[in-house]
Every structure is written in C-alpha cells, then in structure tokens.
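Below, chains carry the letters A, B, ... as their sequence lines are ordered, and counting in each starts from 1.
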Number of protein chains: 2
Amino acid sequence: MHEKSSIIGRLGDKGYRLTPQRLMILAAIEGSADHISAEEIYAQVAAKYPHVNISTVYRTLELLKRLGMVFEIDLGEGRIRYHAESSGHHHHLVCQGCNRVVYIDEATLSSLRNILLRDYAFAAELRHVGIFGLCNDCRKKSGGKGNARR
Amino acid sequence: MHEKSSIIGRLGDKGYRLTPQRLMILAAIEGSADHISAEEIYAQVAAKYPHVNISTVYRTLELLKRLGMVFEIDLGEGRIRYHAESSGHHHHLVCQGCNRVVYIDEATLSSLRNILLRDYAFAAELRHVGIFGLCNDCRKKSGGKGNARR
DNA sequence: GTATCTGCAAATCCTTTGCAAGTCA
DNA sequence: TGACTTGCAAAGGATTTGCAGATAC
C-alpha cells in the first residue's frame with residue numbers, strides 16, 4: 001500500500017493505460033489545494049510536457065469522472081472545476097459581490113440533506129455545487145451590486 | 001393599474017423603450033410556466049416575428065436581469081434559464097439520474113438560509129441554483145448512473 | 001502486435017460584441 | 001430629430017470530435 005496515488009493504482013487495475021499524460025493530469029488534480037479547471041490543469045501539465053493537448057485533458061477528466069475518481073463543481077463561472085475524490089469534501093459559499101469563495105464544512109449542510117431525504121426522498125449531492133449569495137462585507141456595501149457571473 | 005404586465009409598466013416608467021421585440025420577449029418569459037432558456041425565448045418570439053435576432057434576446061435578458069425583473073437559474077445544463085421575478089419562487093432539486101426537476105417551496109430551505117446567515121454572515125441566494133442529487137426512483141435503480149450534465 | 005491513446009485541427013454550443021441602419025418617444 | 005435599439009456578422013471562450021499516427025502493455 002504505497003502507490004504514489006490511489007487513483008493511479010485504481011486506473012491501472014481497471015485496465016486503463018497509465019500514459020504520462022494521464023499521470024501528469026492526475027498529479028495536477030491531486031496536487032491542487034483547491035479546485036482546478038481544465039485550463040489550469042492543462043497549463044500545469046504543459047509547463048513540463050509542452051506536447052500535451054487540452055483535448056487530452058478533457059478526455060482524461062471525462063474518464064476520471066466516469067470512474068467516480070474525480071468530481072466536478074460548478075461555481076457559476078461558466079466553466080467547471082474539478083477535484084479528486086480523495087481530497088475531502090466541503091461546501092462552497094460563492095459571493096456574487098466580490099467572487100470570494102468561503103468554504104464550509106460538510107456537517108453544516110447535513111440537516112438540509114436529511115430534510116430533503118425525509119420529505120422528498122431526494123438524495124442531494126450538495127458537495128458539487130456552489131451556494132451563491134452575498135458575503136458579510138458585500139452585504140454591508142449597500143447590498144453589493146452582484147455582477148459576478150460570467 | 002391594469003397593465004398587461006407589471007414588468008412592461010416598470011420598463012416604460014424607467015425610460016426604456018417598449019419595442020415589439022422587448023414586449024414579445026417579456027411575454028415569452030412571463031408566459032413560461034417553467035424556466036425558459038434564451039434559445040427557447042428566441043424560438044417562441046421568432047415564430048411570430050421571424051425578424052428577431054437572438055442577440056436581441058440576450059441583450060433584453062441582460063437588461064431585465066440588471067433591473068431585477070428577471071432572474072437566472074443554473075440547472076447545470078451548460079446554459080442558463082430565466083424566469084420572471086413575478087412568477088414566485090421555489091427551489092429546484094435536479095435529479096442527475098433522470099434529469100427530472102422537482103420543485104420545492106421556498107420555506108423548506110429557510111432554515112439553511114438562517115444557519116448560513118448566523119454562522120457565516122452569508123446571505124444565500126438559494127433560488128437561483130439547482131440542488132443536484134438523485135430522486136427516489138433513481139436511487140432505487142442501483143444508485144442510477146447519473147450522467148445528467150452537459 | 002494491436003487496441004487504446006494522443007495530437008491536431010476543425011467543429012460545436014452558448015453567449016457577446018462592433019457597427020451601421022432602424023425606430024420609439 | 002436623436003438617442004436608444006436592433007440586425008447582422010463575426011468573435012469569443014469552453015468543450016467536443018474525427019481521424020491518422022503514436023504508444024503502453
């Protein structure tokens with residue numbers, strides 16, 4: 001049990017080829033403290049391996065998503081961000097006034113999840129979207145204009 | 001006080017021109033039982049008035065958003081949907097298994113809103129995004145594949 | 001050796017923009 | 001009349017795809 005990455009191990013186990021591109025893309029995702037976009041993954045990989053193409057990044061992300069190893073999160077920027085399944089979960093409060101993202105821990109929303117499950121039999125996957133609104137600072141500033149999207 | 005549409009009245013009051021395009025775009029939005037996309041608005045308007053251009057739809061939406069008369073909602077489809085401010089509010093549970101959208105009333109999430117406000121001083125605007133997850137049926141079906149997005 | 005992957009280039013989808021012509025007030 | 005609106009066409013950004021050559025196993 002000492003693989004560089006459990007994801008890499010699992011990819012290999014499932015019969016997928018461990019190409020240098022895939023390894024580098026995985027490293028970028030796993031190494032990202034935050035959530036990373038396809039473009040950012042591409043930039044990181046291309047810095048060491050200029051030959052890669054961004055379509056390979058998208059194809060690899062597609063594969064990893066399909067295998068449940070990487071998750072998407074839509075923070076309303078008009079682009080999707082990705083994070084490794086292994087990197088732990090939290091929720092995102094996205095301020096539409098200043099674009100700041102506040103992280104809150106998973107437990108905060110567990111009661112909501114329970115209510116939706118109980119009353120609507122709906123299993124909410126709250127980790128993969130941002131919750132939009134206004135942070136404290138922006139609320140004070142005359143309600144904050146809120147032109148954060150796209 | 002008997003305008004066809006309160007939005008139209010307000011647009012005129014603010015000094016914006018009531019062009020036929022704007023009136024028809026407004027009619028499409030207000031007439032939509034559900035949430036409508038720019039493309040759908042365009043199709044509806046173009047049916048009666050083939051001359052319109054979709055850029056006019058986007059520009060009108062931009063204006064109405066700015067004036068707070070129309071709201072966006074991102075249901076994670078890779079496109080934004082719109083609804084009239086006057087059409088009442090509710091929340092959206094979007095099933096990633098079958099793409100179904102379940103509407104829930106605003107009160108259901110008010111406690112969440114209060115918690116976020118109290119603990120994070122964050123004023124969440126929950127009405128403008130969908131909450132993703134799996135509906136009852138799709139949960140039963142072996143967890144449902146969940147390839148709903150884009 | 002060969003099925004799987006990749007790079008490349010072009011296409012797609014949604015949305016935005018510049019500009020000259022049209023039109024509401 | 002004249003500022004505000006529109007149509008048109010072209011650009012924009014994110015993502016996807018077809019295909020032929022490259023490569024992991």
Quiz item: In whole Å, what is the span from the CE atom of A:M24 to the P atom of C:dG7?
Solution: 11 Å
Quiz prompt | Closest non-hydrogen atom pair, A:F132 against A:D74 | solution = CZ-O, 4.4 Å
Quiz item: Is A:L117 isolated, or which residues cluster with it under the ILVMFWY side-chain rule of less than 4.5 Å, directly or via members?
Solution: none
Self-check item: B:H51 NE2 - C:dA21 P separation (whole Å)
Solution: 14 Å
Quiz prompt | Strand contacts (DNA chain D) in residues 54-63 of chain A, 4.0 angstrom heavy-atom criterion | solution = A:S55, A:Y58, A:R59
Practice problem: Sequence neighbours left out, what passes side chain to side chain contact (heavy atoms under 4.5 Å, CB included) with A:K48? Give chain and number order. | Solution: A:M24
Quiz prompt | Which residues share a salt bridge (Lys or Arg N to Asp or Glu O under 4.0 Å) with B:E39, sequence neighbours left out | solution = none
Quiz item: Which atom pair, heavy atoms only, marks the closest approach of B:T56 to B:I25?
Solution: O-CD1, 3.9 Å
Quiz item: Which nucleotide sits closest to the side chain of B:R22: C:dT6, D:dC8, D:dT5?
Solution: D:dT5
Practice problem: Begin from the C-alpha positions of A:S111 and B:S111 and carry the test side-chain contact (heavy atoms from CB on, under 4.5 Å) through to its verdict. | Solution: CA-CA 9 Å; A:S111 66; B:S111 67; 5.7 Å; no
Exercise. Take atom CD of B:E39 and atom P of C:dT15, then tell me their distance rounded to the nearest Å.
Key: 8 Å
Self-check item: d(OH, B:Y16; P, D:dT6) in whole Å
Solution: 12 Å
Self-check item: Net bend of the helix from C:dG1-D:dC25 to C:dA25-D:dT1, end axes of five pairs each, nearest 10 degrees
Solution: 30°
Quiz prompt | Residue met sooner reading DNA chain C from 5', once A:T19 and B:N53 are mapped to nucleotides | solution = A:T19
Quiz item: Does B:R113 use its side chain to pair, donor to acceptor, with the backbone of B:A124 at less than 3.5 Å?
Solution: yes
Self-check item: Side-chain N,O (B:Q21) to OP1/OP2 (C:dT23) below 4.0 Å
Solution: no
Quiz item: How many Å lie between CZ on B:R66 and C1' on D:dT5, as a whole number?
Solution: 13 Å
Are there any protein N/O atoms within less than 3.5 Å of an N/O atom in nucleotides 21-23 of chain D, and if so, which ones and at what distance?
{"residue": "D:dT23", "atom": "O2", "partner": "A:R17", "partner atom": "NH1", "Å": "3.2"}

